[in-house]
Amino acid sequence: MRCAPNPNGPWHVGHARMPAVIGTYKQRYDGWFCVRFDDTDPETKRPDLEAYDAILEDLDYLGFEPDATFKASDRLDIYYDHARKLIDMGGAYTCSCSGEEFSELKNSGEACPHRDKDAETVLSEFEDMIGGVYDSGEMVLRIKTDIEHKNPALRDWVAFRMIDTPHPREEAEEYRCWPMLDFQSAIDDHIIGITHIIRGIDLQDSAKRQGFLYDYFGWEYPEVVHWGHVQIDAYDVKMSTSTLSELIEDGELDGWDDPRAPTLKSLRRRGIRGEAIVDAMIGLGTSTSDVDLAMSTIYANNRELIDEETDRRFLVRDGNEVPLGGSPPDEANPQLHPNHEDRGVRKIPVGDAVLLESDDLPQREERVWLKGLGCFQYTRDTLQYTGEDIEVVREGDVDVVHWAPARESVPVRMRTMEGDVTGRAEPGVAELATDEMVQFVRVGFARIDHVPSGVADDSSDDELVVYYAHP
RNA sequence: GCUCCGAUAGUGUAGUCCGGCCAAUCAUAUUGCCCUCUCACGGCAAUGACCAGGGUUCGAAUCCCUGUCGGAGCACCA
């Protein structure tokens with residue numbers, strides 16, 4: 001099998017579907033798959049030189065390693081050779097009609113005057129195409145199919161055209177005569193030995209078009225499956241590489257890994273495992289209708305993967321400072337993980353005031369349980385320690401909330417899909433390493449992205465940054 | 001306009017080929033309860049679907065026809 005991306009940028013979430021499915025089939029049936037960059041249009045689908053590696057990185061993130069990697073732009077001579085053979089067989093002709101002219105003839109089922117040229121003329125004109133004698137638009141090589149085919153999309157399609165713009169890859173910058181996807185991909189699929197093709201419904205007619213080519217060469221066409229488009233809920237921005245590229249260019253997004261971008265790099269930075277994405281993609285199956293993938297499915301998969309191993313911490317968003325009274329303990333010791341007592345407890349210095357989220361501020365005279373610390377009653381603008389037992393919580397009279405010490409907490413910037421949130425976390429969070437996952441109690445899972453090297457200081461720009469993953 | 005393709009709960013999916021075991025599977029979502037130092041995890045329960053209409057048949061999600069809705073192609077893009 002093959003994954004044949006157009007290297008025009010890093011992958012968005014939808015792109016994960018192809019490697020997820022063929023990678024999984026490979027594992028299941030002891031198969032083989034390659035990545036083949038179909039970079040045969042240096043102009044309108046101009047390849048981005050950085051995208052080749054970016055895509056391979058994304059693939060690695062998803063947990064797959066291709067058995068081989070090809071670049072179509074390395075293989076022009078192969079395509080030229082096959083075109084020559086085809087011309088010998090009378091299966092192709094050079095045509096200098098303009099696009100509109102040919103389109104009109106085609107739609108009425110009429111052959112153009114170039115169709116009956118003898119093979120020698122065609123071959124010599126094709127060599128001139130390769131030699132760059134013609135300018136863009138002057139000459140194409142068409143596959144002779146059936147000019148009266150009932151589906152106009154299949155009639156005498158273009159196999160090679162001239163492009164004046166040099167290819168961005170140095171190795172390919174001299175070529176001017178480029179194959180169209182249908183030709184290049186057809187030849188490569190056979191030569192590489194692809195037995196099964198999966199591709200989008202937009203290429204539904206490709207198999208039929210390429211069928212004419214396979215008939216000329218006496219080849220057998222691979223099994224082919226077409227699937228519909230994937231939409232992801234939960235994103236405002238359109239999931240298209242070119243749209244994302246523009247948004248980044250305009251500064252609307254910080255980069256391909258901005259938490260608001262529907263890209264694999266973004267999910268990766270948020271600490272979502274490739275496996276969670278792959279599993280969600282597998283669940284979509286391969287139906288030809290368009291599907292909506294719910295991000296919640298990816299989140300649920302990820303939660304299952306990380307929940308057991310992720311320790312709990314406190315983060316208070318937009319905290320309200322409340323003084324403490326009544327001599328509470330100096331230190332709080334909530335568990336690192338409720339299901340794993342053996343991991344021990346955190347040590348959170350309490351101080352003389354704490355931060356609470358607005359929703360958690362108790363009403364006057366109401367009691368509240370600061371998780372890991374104890375019971376307090378809100379009296380005269382302070383939280384008075386009552387010393388009551390956990391029984392008050394079990395009886396259901398007292399709510400338990402998370403909190404952070406007002407003084408010895410660390411400022412945190414949490415980047416989310418809805419924008420940045422600031423808050424303060426228990427001091428232990430500053431000791432964590434980049435890439436570690438945390439679960440902020442009653443907030444959600446997040447990945448530690450950047451930990452300041454020096455001592456935490458509110459005035460410094462070097463802040464602790466985490467990326468929010470999901471609830 | 002011409003040519004293809006598709007339609008099962010909010011979402012995804014199984015079942016459709018070879019009609020009955022489907023008053024329709026599983027997951028996710030939502031809600032409620034249980035557990036718990038309130039999150040998460042786990043347990044239990046509830047919610048919720050065969051696009052419509054005809055036909056064939058003892059029997060249709062499944063086969064046939066029509067309609068509706070949706071998607072794709074008709075490029076010198078991929």
Rounded to the nearest Å, what distance is computed from the [atom1] atom of residue [X] to the [atom2] atom of nucleotide [N]?
| X | N | atom1 | atom2 | result |
| --- | --- | --- | --- | --- |
| A:W403 | B:C39 | CH2 | P | 19 Å |
| A:R199 | B:C4 | CZ | C1' | 14 Å |
| A:D233 | B:U28 | CG | P | 16 Å |
| A:H470 | B:A29 | NE2 | C1' | 16 Å |
| A:R155 | B:C4 | CZ | P | 12 Å |
| A:D292 | B:U13 | CG | C1' | 14 Å |
| A:L336 | B:A40 | CG | C1' | 15 Å |
| A:L293 | B:A29 | CG | P | 13 Å |

Measuring only the [atom1] atom in each nucleotide, how far is [N] from [M]? A whole number of Å is fine.
| N | M | atom1 | answer |
| --- | --- | --- | --- |
| B:C5 | B:G67 | P | 16 Å |
| B:A60 | B:G55 | C1' | 11 Å |
| B:G32 | B:C39 | P | 12 Å |
| B:U8 | B:C63 | P | 15 Å |
| B:U31 | B:G70 | P | 32 Å |
| B:C41 | B:U30 | P | 10 Å |
| B:G48 | B:C26 | C1' | 15 Å |
| B:U25 | B:A45 | P | 14 Å |

Quick check for you: to the nearest 0.5 Å, what is the distance between [X] atom [atom1] and [Y] atom [atom2]?
| X | Y | atom1 | atom2 | result |
| --- | --- | --- | --- | --- |
| A:D279 | A:E304 | CG | CD | 8.5 Å |
| A:L181 | A:Q210 | CG | CD | 7.0 Å |
| A:W227 | A:I198 | CH2 | CD1 | 5.0 Å |
| A:F314 | A:S409 | CZ | OG | 13.0 Å |
| A:M239 | A:I232 | CE | CD1 | 4.5 Å |
| A:R161 | A:L141 | CZ | CG | 12.0 Å |

With a 6.0 Å cut-off (strictly less than), is the heavy-atom count around CD of A:E366, excluding the residue itself, greater than 12? yes
Worksheet item: For A:Q363, does the CD atom have more than 12 heavy-atom neighbours from other residues, nucleotides or ligands under 6.0 Å away?
Response: no
By nearest-nucleotide position on RNA chain B, the 5'-leaning member of A:S287 and A:A300 is A:S287
Mind checking ring pair (Phe, Tyr, Trp, His ring centres under 6.0 Å) for A:Y467 and listing every partner two or more places apart, or none if nothing turns up?
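A:Y467: no ring pair (Phe, Tyr, Trp, His ring centres under 6.0 Å) contacts found.
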Expected list for residues 303-313 of chain A near RNA chain B, using heavy atoms below 4.0 Å, is A:R303, A:D307, A:E308, A:R312
Enumerate the residues from residues 435-446 of chain A whose closest heavy atom to RNA chain B is under 4.0 Å, giving them by residue number; use none for an empty result.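 Correct list: A:Q439, A:R442, A:F445.
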| request: List for me each residue that meets side-chain hydrogen bond (donor to acceptor under 3.5 Å, both in side chains) alongside A:T165, sequence neighbours excluded, and say none if there are none. | output: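 So A:T165 forms a side-chain hydrogen bond (donor to acceptor under 3.5 Å, both in side chains) with A:E43.
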Read 5' to 3' with Watson-Crick or G-U pairs under 3.5 Å, [ ] for crossing pairs and | for partners on another strand, RNA chain B gives (((((((..(((.......[.....)))((((((.......))))))...(((((..]....))))))))))))....
Under 3.5 Å, is there a donor-acceptor pair linking the side chains of A:D188 and A:S185?
-> no
- Does a donor on one side chain and an acceptor on the other come within less than 3.5 Å for A:Y52 and A:D39?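 Per modelled atom types, A:Y52 and A:D39 side chains form a pair under 3.5 Å.
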How is A:L284 classified with respect to the nucleic acid when contacts are heavy atoms under 4.0 Å: base, sugar-phosphate, or nothing?
sugar-phosphate
Under 4.0 Å, counting only non-hydrogen atoms across every strand here, what does A:K150 touch: a base, just sugar-phosphate, or nothing?
sugar-phosphate
Closest of B:G12, B:A40, B:C37 to the A:R394 side chain is B:C37
Result for salt bridge (charged side-chain N to carboxylate O under 4.0 Å, His left out) between A:D156 and one of A:R115, A:R142, A:K144 points to A:R115
Given protein heavy atoms under 4.0 Å, the one-letter contact record of nucleotides 71-78 of chain B, with B base, S sugar-phosphate only and - none, is simply BSSSSBBB
Note to self: Angle between ring planes, A:Y80 versus A:F126, binned at 30° and 60°: parallel, tilted or perpendicular?
What the structure shows: perpendicular
*Return the orientation label for the A:H15 and A:W11 ring planes: parallel under 30°, perpendicular over 60°, tilted otherwise.*
parallel
